[in-house]
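Contents: one structure, followed by commentary.
These numbers were taken from a predicted model, which means no experiment stands behind them. Chain letters run A, B, ... following the sequence lines, proteins first and then strands; every chain starts at 1.
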Protein chains: 2
Amino acid sequence: MKISELSRRTGVPVASIKYFRREGLLPAGRATAARLAEYGEEHVQRLRLIKALTTLGGLSIAATRDVLAAVDQAETTDGTLRAISYALPVPVTAASAGDAERDADAEAAAEADVTRLIAAMDWKIPDTSPHIRGLAMALRELRRLDADYRPERLVAYAELAHSIARLDLERAAAFDDSPALAEQAVIVLALSGPMLELLRRLAQEDQVRRRSTLDDNPEEGPGDGPR
Amino acid sequence: MKISELSRRTGVPVASIKYFRREGLLPAGRATAARLAEYGEEHVQRLRLIKALTTLGGLSIAATRDVLAAVDQAETTDGTLRAISYALPVPVTAASAGDAERDADAEAAAEADVTRLIAAMDWKIPDTSPHIRGLAMALRELRRLDADYRPERLVAYAELAHSIARLDLERAAAFDDSPALAEQAVIVLALSGPMLELLRRLAQEDQVRRRSTLDDNPEEGPGDGPR
DNA sequence: CAGTACTGGATAGTGGCAGTATCTTCTTAA
DNA sequence: TTAAGAAGATACTGCCACTATCCAGTACTG
């Protein structure tokens, strides 16, 4: 199909398709002449994925390129999963300069907290993981706001995060050895977050409403509570 | 204190402090003369909160202003919680035009799925909640990618989201009737998400690594699994 | 009490990002 | 053979989050 039809099928303007090609998110079409190319279903699917990663996943164009590169280089199942896991940008990277006084101290303390949490959860994660630094920075910032995010508190969240990750990986593993693995894996790894965030917001809304009406009854009605 | 000291204490450039004032995120200092003002600890704290909401929470300046306005208008505990819950921006708002054919159909079907999910979870949420539309749009997009996010699948995530929301609200409720309630509430409601996302990514990393080494052992070691 | 440094406020400028538009050269179907 | 696209290169736009400059007014300094 021509680029105009690709545009029509996906709803992405021609100029944007060209832009994605320039930025390396979309492979070129099969050239049929010096100045003509043919696009196929894989381009349609790729554009859908690009849109999902950017609008739902909130990824930048640059991050999307990196993630898609990992998808394309998929060799083994594990390698694919790992590559995608690292290609995804770490939310919360840059923090502030702050008053810089004992920044190093606070940073080190926060990182130690994270290390302890990881040990408590029995997670196997290399010290070099960017997520460790990200979480440490987040905790430092929260601590500065007098928010109570001590490790004991965090464990409850960590256990829920663990359950979510298990659900995610189960879903990704279902596509093991399928050619669609890499694509489904990136969907699961990159888009579960935003979806979960929406569910969390809905659940929060419910909790807030319950407080409003029952007010001083922290217990719940029938039919809820996981497990 | 003068603006320069406020800047030094918080690490925020003077020009940015002025910018935040202009945008209504930061109240003006107490005027001591026609062209001089005095800032206090509340300004320091407010700047910390602004930084946390923008860098950790990923909120835009406009969204931060709205959230802070809700914090400042805090009257009752419940009102505060509700105002903040609605002031937070909905991730995933704008979607695509797409091929527009049966967009309306798909949209309606997705929204029905969400309604069914909410009923199944026994959540009390008004039909007008922006999160419902947001989730519906997210599901439609995922469905288009052939990702398996049927309601049955979603329930498992929803239950976990419910648990998280309960943890969050418990923490916020601990500050009930405290003058810091609104502030702590906004921290809990707005910043739990990013923190959880980091934890989820760490947990994902662990799961991926476990697959790599044990490969075909989906069961786990000791010390994990929530409840 | 002059000089300098600093202040709050208004306004203008900057840099990055994600597209969007234009221009030129080519291809092809009517 | 000519008008309607197509492909690619390059330039432009709009938004956002700052950042810099300018101005009149204040305050410490010696």
Any ion pair linking [Y] and [X] (charged N to carboxylate O, less than 4.0 Å)?
X: A/D72; Y: A/R46; value: yes
X: B/R201; Y: B/E205; value: no
X: A/E38; Y: A/R30; value: no
X: A/K2; Y: A/E5; value: no
X: B/R211; Y: A/D176; value: yes
X: A/D148; Y: A/R150; value: yes
X: B/E41; Y: B/R9; value: yes

Over how many whole Å does the gap from [X] atom [atom1] to [N] atom [atom2] extend?
X: B/Y19; N: C/dG9; atom1: OH; atom2: P; result: 17 Å
X: A/H43; N: D/dA6; atom1: NE2; atom2: P; result: 15 Å
X: B/R22; N: D/dA20; atom1: CZ; atom2: P; result: 13 Å
X: A/E38; N: D/dA7; atom1: CD; atom2: C1'; result: 14 Å
X: A/M1; N: D/dA6; atom1: CE; atom2: C1'; result: 15 Å
X: B/I3; N: C/dA10; atom1: CD1; atom2: P; result: 13 Å
X: B/E5; N: C/dG8; atom1: CD; atom2: P; result: 12 Å
X: A/I17; N: D/dA6; atom1: CD1; atom2: C1'; result: 12 Å

So [X], base contact, sugar-phosphate only, or nothing? Heavy-atom distance under 4.0 Å.
X: B/A37; answer: sugar-phosphate
X: B/A31; answer: nothing
X: B/T54; answer: nothing

Original post:
Is the B/Y86 ring parallel, tilted or perpendicular to the B/H131 ring (thresholds 30°, 60°)?
Top reply: parallel

**OP:** Hey, can you tell me if B/Y157 and B/Y149 have their rings parallel, tilted or perpendicular (30° and 60° cut-offs)?
**Re:** tilted

Subject >> Contact nearer the 5' end of DNA chain D, comparing A/V14 with B/S60 >> reply: A/V14

Give each protein N/O atom lying under 3.5 Å from an N/O atom of nucleotides 21-29 of chain D, with the pair distance.
from   : atom 1 : to    : atom 2 : distance (Å)
D/dG25 : O4'    : B/R35 : NE     : 3.3

**OP:** Check whether any side-chain nitrogen or oxygen of B/S16 sits under 4.0 Å from OP1 or OP2 of D/dA17, and answer yes or no.
**Re:**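 No, outside the criterion.
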
Quick test: give all pairs of protein nitrogen or oxygen and nucleotides 14-16 of chain C nitrogen or oxygen below 3.5 Å, distance rounded to 0.1 Å.
none

Subject >> Nucleotide nearest B/S4 (side chain, heavy atoms from C-beta), chosen from C/dC6, D/dT19, C/dG9 >> reply: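 For B/S4, the side-chain atoms sit closest to C/dC6.
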
